[in-house]
Engineer: 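Take a look at the following structure, please.
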Amino acid sequence: LLVLCLESPAGAEHSAWTGTWVLRENQPGGQLTMKIEELTSGWKITYKVVGPGAPGASHTTIVTLLDGKDVPVLIDGKPSRQTMGISKVDGYHTVNVIKFGGKEIAVSKTELSADGKLIKVETDYPESNPGAPAGKQVQFWDRKDRTGTP
């Protein structure tokens with residue numbers, strides 16, 4: 001389950017989010033990277049998942065206008081039952097409502113560090129969410145590069 005929420009801040013801060021990021025605590029033998037690209041209006045976020053012993057990688061893509069409206073989550077180019085609604089709070093904070101089959105399953109709050117080198121994601125899972133433990137999960141993403149090239 002991907003729970004990251006990202007948003008386009010205005011002006012120079014906008015480019016601080018773009019680039020490639022690596023999840024700090026990957027599973028042994030696996031890696032999760034996230035590439036954020038600017039679009040004419042909005043963002044394209046692509047996650048690349050490489051698992052231990054997997055012959056290839058899986059790609060998950062979200063294209064959002066950053067207006068808080070639900071957008072589909074595509075896995076290897078195919079629609080999944082998951083959506084994300086990403087909203088901007090300010091240039092360093094976002095909120096993302098994550099749904100599966102139309103039902104809210106989590107809310108993520110994201111913070112970009114002042115130096116642009118770290119993204120912190122706090123995700124709250126309700127008690128009624130089957131398949132995920134209730135409570136808060138915290139992830140840290142470290143910047144790999146600013147160009148967006150994995």
Engineer: Under a 3.5 Å distance rule, please check whether Trp17 uses its side chain to pair with a backbone N or O of Glu37 as donor and acceptor.
Structural biologist: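 No.
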Engineer: Run the side-chain contact (heavy atoms from CB on, under 4.5 Å) test against Glu122 and tell me which residues pass, sequence neighbours left out.
Structural biologist: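 Once residues adjacent in sequence are excluded, the partners of Glu122 under the side-chain contact (heavy atoms from CB on, under 4.5 Å) criterion are Lys120, Lys136, Val138.
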Engineer: Between Ala134 and Pro126, which heavy-atom pair has the shortest distance, and what is it?
Structural biologist: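 In terms of heavy atoms, the two residues are closest at CB-O, 3.9 Å.
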Engineer: So, taking the atom named OG1 in Thr83 and the one named CZ in Arg81, what distance separates them when rounded to the nearest 0.5 Å?
Structural biologist: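 The distance works out to 11.0 Å.
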Engineer: Would a hydrophobic clustering, with Ile, Leu, Val, Met, Phe, Trp and Tyr connected at side-chain separations under 4.5 Å, put Leu118 with Val121?
Structural biologist: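 No, Leu118 does not connect to Val121 through the hydrophobic network.
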Engineer: What do the steps show when you test Ile98 against Ser108 for side chain to side chain contact (heavy atoms under 4.5 Å, CB included), and what is the final call?
Structural biologist: CA-CA 8 Å; Ile98 302 151; Ser108 293; 3.6 Å; yes
Engineer: Looking at CG of Asp142 and OG1 of Thr20, how far apart are the two atoms once the value is rounded to the nearest 0.5 Å?
Structural biologist: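 The distance works out to 13.0 Å.
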Engineer: What I'd like to find out is whether the side chain of Trp141 reaches to under 4.5 Å of the side chain of Val22, using heavy atoms alone.
Structural biologist: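 Side chain of Trp141 against side chain of Val22, heavy atoms only: no contact under 4.5 Å found.
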Engineer: Quick one: which of Gln82, Met84, Lys44 gives a side chain to side chain contact (heavy atoms under 4.5 Å, CB included) with Ile62?
Structural biologist: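 Answer after filtering Gln82, Met84, Lys44: Met84.
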Engineer: At what distance, to the nearest 0.5 angstrom, does OG1 of Thr64 lie from CD1 of Ile86?
Structural biologist: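 If I round to the nearest 0.5 Å, the distance is 4.5 Å.
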Engineer: Any chance you could measure Leu32, atom CG, to Arg24, atom CZ, to the nearest 0.5 Å?
Structural biologist: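 One finds 14.0 Å between CG of Leu32 and CZ of Arg24.
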Engineer: Where do Leu66 and Gly42 come nearest, in terms of heavy atoms and distance?
Structural biologist: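 For Leu66 and Gly42, the tightest heavy-atom pair comes out as CD1-CA, 3.7 Å.
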Engineer: Membership question, hydrophobic clusters at under 4.5 Å side-chain separation (ILVMFWY): are Tyr47 and Phe100 in the same one?
Structural biologist: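 Yes, Phe100 connects to Tyr47 through the hydrophobic network.
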Engineer: In residues 68-77, what donor-acceptor pairs under 3.5 Å come from side-chain atoms, sequence neighbours left out?
Structural biologist:
from, atom 1, to, atom 2, distance (Å)
Asp70, OD2, Lys99, NZ, 3.1
Asp76, OD1, His59, N, 2.8

Engineer: For Val97 and Glu104, what are the C-alpha separation, side-chain angles and deciding distance, and is it a side chain to side chain contact (heavy atoms under 4.5 Å, CB included)?
Structural biologist: CA-CA 7 Å; Val97 177; Glu104 184 177 312; 3.6 Å; yes
Engineer: Using only atom types and a distance under 3.5 Å, with no angle test, would you say the side chain of Arg143 pairs donor to acceptor with the backbone of Gly116?
Structural biologist: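 The answer is yes, because a donor-acceptor pair under 3.5 Å joins these two groups.
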Engineer: Between Thr123 and Val107, is a side chain to side chain contact (heavy atoms under 4.5 Å, CB included) present by the stated rule, with each step listed?
Structural biologist: CA-CA 6 Å; Thr123 304; Val107 175; over 6 Å; no
Engineer: Nearest 0.5 Å please: distance from the NZ atom of Lys144 over to the CH2 atom of Trp21.
Structural biologist: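 Lys144 NZ to Trp21 CH2: 13.5 Å, rounded to 0.5 Å.
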Engineer: Compare all side-chain heavy atoms of Leu39 with those of Val63 and state whether any distance is below 4.5 angstrom.
Structural biologist: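 Contact flag for Leu39/Val63 side chains = yes.
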Engineer: Supply the atom-to-atom distance Ser113 OG to Phe140 CZ, rounded to the nearest 0.5 angstrom.
Structural biologist: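 These two atoms lie 11.0 Å from each other.
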Engineer: So Thr61 and Ile45, do their side chains get closer than 4.5 Å, heavy atoms only?
Structural biologist: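 No - every pair of side-chain heavy atoms lies 4.5 Å or more apart.
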